[in-house]
Amino acid sequence: MATKKQYKIIVLGAQGSGKGTQADLLSEKLEIPAVSMGDLLREEKRKKTQKAKEIASYIDNGLLVPYKITIDLIKKAIKKNKKGIIIDGFPRNMEQATVFDKFFKPTHIIFIKISEKETIRRLAGRRNCPKCRKIYHVTFNPPKKKDICDRCRAKLIRRKDDTPEAIKKRLEIFNKITKPVVKYYKKKYGLIKIGGENSIKKVHEKIMKKLSK
Ligand code: AMP
């Protein structure tokens, strides 16, 4: 009997590249969980703790959350998902990448490329389900009923860091701090590079084609 392939995938890309959406689609197809560092942090942020307040002060201003908080969260997630995992939004700086590389050896790194103009267009219209985390866009991927999640019926929200000021800061961080991580992984493992400006379905199909090679 053929054994099921074990996938340990990292999805990299700028804000609005669609990495969260693609990680979720891959998760359904490959039947392994997609873990988003942004979601893990937002979950922590909702708790009534001092740490939650600290996390909010970074996220809401478009800044990276301190290393120690993120590394603890990712370690827990990996321990829980030993049979395969898709990681979205981690690592995002070289400090995270060098430590992470010591205990997580990816089978594939997917890099979704997108222009800055498209990023801004997408993030400005993005809506999120606070309950099941499904991601929508008011024009390109709207819910069937305005502002209501198709999957769980919760009222959609607009993220606090999807404001023009926070978007600008997040893009600066991606260009200065996360790009070296992309380079590092490219050199070490090679990248599956995908143009992210096609439709969600097309990008997904392209990724699946490359993964099956
Ligand atoms: P995302 O949902 O991936 O757009 O992430 C939203 C926000 O969460 C980022 O702007 C950061 O404030 C924080 N965040 C996500 N991933 C990381 C990470 N690897 N390191 C530090 N902060 C992060």
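Numbering of ligands and ligand atoms starts at 1, following listing order. The chain is numbered in sequence order, starting from 1.
- Between Val138 and Pro142, the shortest heavy-atom distance links the atoms O-CB, 3.5 Å.
- In Lys188, the NZ atom is crowded: over 12 heavy atoms of neighbouring residues, nucleotides or ligands sit closer than 6.0 Å.
- Although no hydrogens or angles enter the test, the distance criterion places no donor-acceptor pair under 3.5 Å between the side chain of Arg42 and the main chain of Arg46.
- Under the 6.0 Å distance and 45° angle rule, Lys8 counts as a cation-pi partner of Phe104.
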Quick one, Lys45 with Asp60, criterion salt bridge (charged side-chain N to carboxylate O under 4.0 Å, His left out). Give me CA distance, side-chain angles, the key distance, then yes/no.
CA-CA 10 Å; Lys45 185 183 154 202; Asp60 294 348; 2.8 Å; yes
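- Using cut-offs of 30° and 60° on the angle between ring planes, the pair Phe103 and Phe100 is perpendicular.
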Close N/O pairs between ligand 1 and protein, under 3.5 Å:
| from | atom 1 | to | atom 2 | distance (Å) |
| --- | --- | --- | --- | --- |
| ligand 1 | 2 (O) | Arg42 | NH1 | 3.1 |
| ligand 1 | 2 (O) | Arg42 | NH2 | 3.0 |
| ligand 1 | 2 (O) | Arg159 | NH1 | 3.1 |
| ligand 1 | 2 (O) | Arg159 | NH2 | 3.4 |
| ligand 1 | 3 (O) | Arg92 | NH1 | 3.0 |
| ligand 1 | 3 (O) | Arg92 | NH2 | 3.1 |
| ligand 1 | 4 (O) | Arg159 | NH2 | 2.9 |
| ligand 1 | 4 (O) | Arg170 | NH2 | 3.4 |
| ligand 1 | 12 (O) | Leu63 | O | 2.5 |
| ligand 1 | 16 (N) | Gly89 | O | 3.3 |
| ligand 1 | 16 (N) | Arg92 | NH1 | 2.7 |
| ligand 1 | 19 (N) | Gly89 | O | 2.9 |
| ligand 1 | 19 (N) | Gln96 | OE1 | 3.1 |
| ligand 1 | 20 (N) | Gln96 | NE2 | 2.7 |
| ligand 1 | 22 (N) | Val65 | N | 3.0 |

